[in-house]
Amino acid sequence: MRSLITISKEVSQAMRSGHPVVALESAVITSGMPRTPLDKKPRCPASGWNEDQPINLEIARLMERTVRAHGAIPATVAVFDGQLWVGLDDAQLDRLAGDPEAGKVSAGGLAEKLRSGQAAGTTVSATLVACHRVGPIRVFATGGIGGMHRNWQTHPDVSGDLEQLSRTQTCIVCAGAKSILDISATLERMETLNIPVIGYQTDSFPRFHSLGDDSLPVPLRLDSVDKIAGVCQTHWTDLGQASGVLLANPIAAEFSLEPDALESAILRVEQSARREGVSGPGLTPYLLAGLNEETAGLALEANIALLAGNASLAAQLAIALTR
Ligand code: PSU
Ligand code: MN
């Protein structure tokens with residue numbers, strides 16, 4: 001039978017020779033970032049950023065370049081032409097970012113997308129499926145993991161990211177959970193799922209667009225990638241545990257949004273989501289886009305900065321895991 005998974009030559013060679021690989025998702029490309037140019041350079045370090053190109057393409061390229069700059073190989077995961085691709089070349093990245101029909105796909109929807117031949121960016125859960133199937137690829141960088149939406153008590157919108165992470169032996173590097181979620185409930189859920197949650201050089205669980213605070217302590221703080229690699233190795237190899245690890249990497253302080261202003265922006269965007277009846281898979285993209293507008297681009301700058309920061313830490317961890 002024809003395989004439905006295509007691993008790029010570069011990624012498969014790297015995996016065969018034990019070279020560090022970092023998986024990258026693509027829902028951020030198709031559904032998480034504007035498809036228009038930024039018209040200036042981002043404020044965070046972003047060498048090679050092309051102001052004429054759409055933000056979604058430039059962020060994907062920036063993450064790949066950042067992984068490479070540290071000496072690891074990026075493996076961006078996406079679906080098109082009836083294939084689950086692991087590792088895209090520049091033309092494929094360009095095509096995905098420019099495809100107006102491409103939405104996002106989660107783990108449960110992957111099979112149908114492959115059968116129908118439609119293009120889609122993979123969410124964290126769908127990217128984890130690829131990590132597991134081809135490797136496992138041990139390290140994966142994203143912006144913020146999906147989790148329990150606010151009001152989950154009345155409408156149980158809980159991202160499939162959490163379940164999938166609970167059965168994939170991959171460490172996901174993220175800036176915590178998105179501020180639009182119920183972060184406290186999300187942390188509780190990860191404890192239930194036996195997912196180790198590690199704060200990188202921080203005592204508090206970060207809130208994606210902003211730093212965390214004392215109200216949400218991380219279960220474990222570690223300050224070096226070698227120590228984190230050690231915990232991952234013991235979790236998977238010595239103990240044989242099936243769950244992944246969540247590494248929370250706070251946004252750089254200079255890009256962190258002021259918590260009160262962020263919270264009131266979230267409340268306004270939530271209100272308009274309710275008014276327009278937005279729910280389900282469209283909710284996260286709607287809330288992220290609304291926040292970018294409400295904050296006059298500050299949330300977008302924060303999102304770019306944290307994505308690049310996570311790619312950098314993920315590459316360092318992937319290298320530490322090969323030692
Ligand atoms: N990080 C970002 N932007 C994003 C996402 C993460 O900076 O758009 C995506 C991830 O792909 C994650 C998804 O899996 O948001 C969560 O969506 P949902 O809540 O519908 O599961
Ligand atoms: Mn959801």
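Just so you know, ligand 1 is whichever comes first in the structure, and atom 1 is the first atom listed for that ligand. The shown structure was predicted, so the numbers you read here are calculated from the model rather than taken from an experiment.
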Would you say [X]'s side chain and [Y]'s backbone share a donor-acceptor pair under 3.5 angstrom?
X      : Y      : result
Asp99  : Arg95  : no
Lys113 : Val79  : no
Thr202 : Pro250 : no

Handout entry: Residue pairs fulfilling side chain to side chain donor-acceptor pair (under 3.5 Å) with at least one residue in residues 15-25, sequence neighbours excluded
Key = Glu25-Thr142
Fill in the blank from the handout: Heavy atoms of Ala177 and Thr186 approach each other most closely as CB-CG2, 4.3 Å
Ligand 1-proximal atoms of [X], by part, heavy-atom distance under 4.0 Å:
X      : result
Thr127 : neither
Asp161 : side chain
Ile145 : neither
Thr284 : side chain

Handout entry: N or O contact, Leu288 vs ligand 1, cut-off under 3.5 Å
Key = no
Exercise for the section: Ignoring angles and geometry beyond distance, decide whether Glu25 reaches within less than 3.5 Å of ligand 1 through its nitrogen or oxygen atoms. Expected result: yes
What protein heavy atom sits nearest [atom], and how far off is it?
atom                    : value
atom 3 (N) of ligand 1  : Val28 CG2, 3.7 Å
atom 21 (O) of ligand 1 : Ser159 OG, 2.8 Å
atom 8 (O) of ligand 1  : Gly32 CA, 3.4 Å
atom 1 (N) of ligand 1  : Gly144 N, 3.1 Å

Problem - Proximity winner for atom 15 (O) of ligand 1, if only heavy atoms of Met148, Met33, Lys178 are counted - result: Lys178
Separation between [atom1] of [X] and [atom2] of [Y], rounded to the nearest 0.5 Å:
X      : Y      : atom1 : atom2 : answer
Asp52  : Leu57  : CG    : CG    : 12.0 Å
Ile55  : Ile304 : CD1   : CD1   : 5.5 Å
Ser106 : Asp161 : OG    : CG    : 6.5 Å
Leu211 : Phe205 : CG    : CZ    : 13.0 Å
Ile172 : Cys174 : CD1   : SG    : 5.5 Å

Show the atoms of ligand 1 that are less than 4.0 angstrom away from any heavy atom in [X].
X      : answer
Thr142 : 1 (N), 6 (C)
Gly143 : 1 (N), 2 (C), 7 (O)
His149 : 19 (O)
Thr123 : 11 (O), 14 (O)
Phe208 : 2 (C), 7 (O)
Ala27  : 11 (O)
Asn303 : 7 (O)

Handout entry: Candidate list Asn249, Ile228, Val218, test side-chain contact (heavy atoms from CB on, under 4.5 Å), partner Ile198, passing option
Key = Ile228
Handout entry: Name of the residue among Leu300, Asn56, Ile59 meeting side-chain contact (heavy atoms from CB on, under 4.5 Å) with Pro34
Key = Leu300
Problem - Sub-4.5 Å side-chain heavy-atom contact between Ile180 and Leu283 - result: no
Problem - Salt bridge Arg189-Glu163, side-chain N to carboxylate O under 4.0 Å - result: yes
Practice task
Consider ligand 1: state whether an atom of it lies below 4.0 angstrom from any non-hydrogen atom of Lys104.
Solution key: yes
Handout entry: Atoms of the protein (N/O/S only) found under 2.8 Å from the Mn ion (ligand 2)
Key = Asp157 OD1
Exercise for the section: Taking the six-membered ring of Trp236 (Phe, Tyr or Trp), confirm whether the NZ or CZ of Arg138 is under 6.0 Å from its centre and within 45° of its axis. Expected result: yes
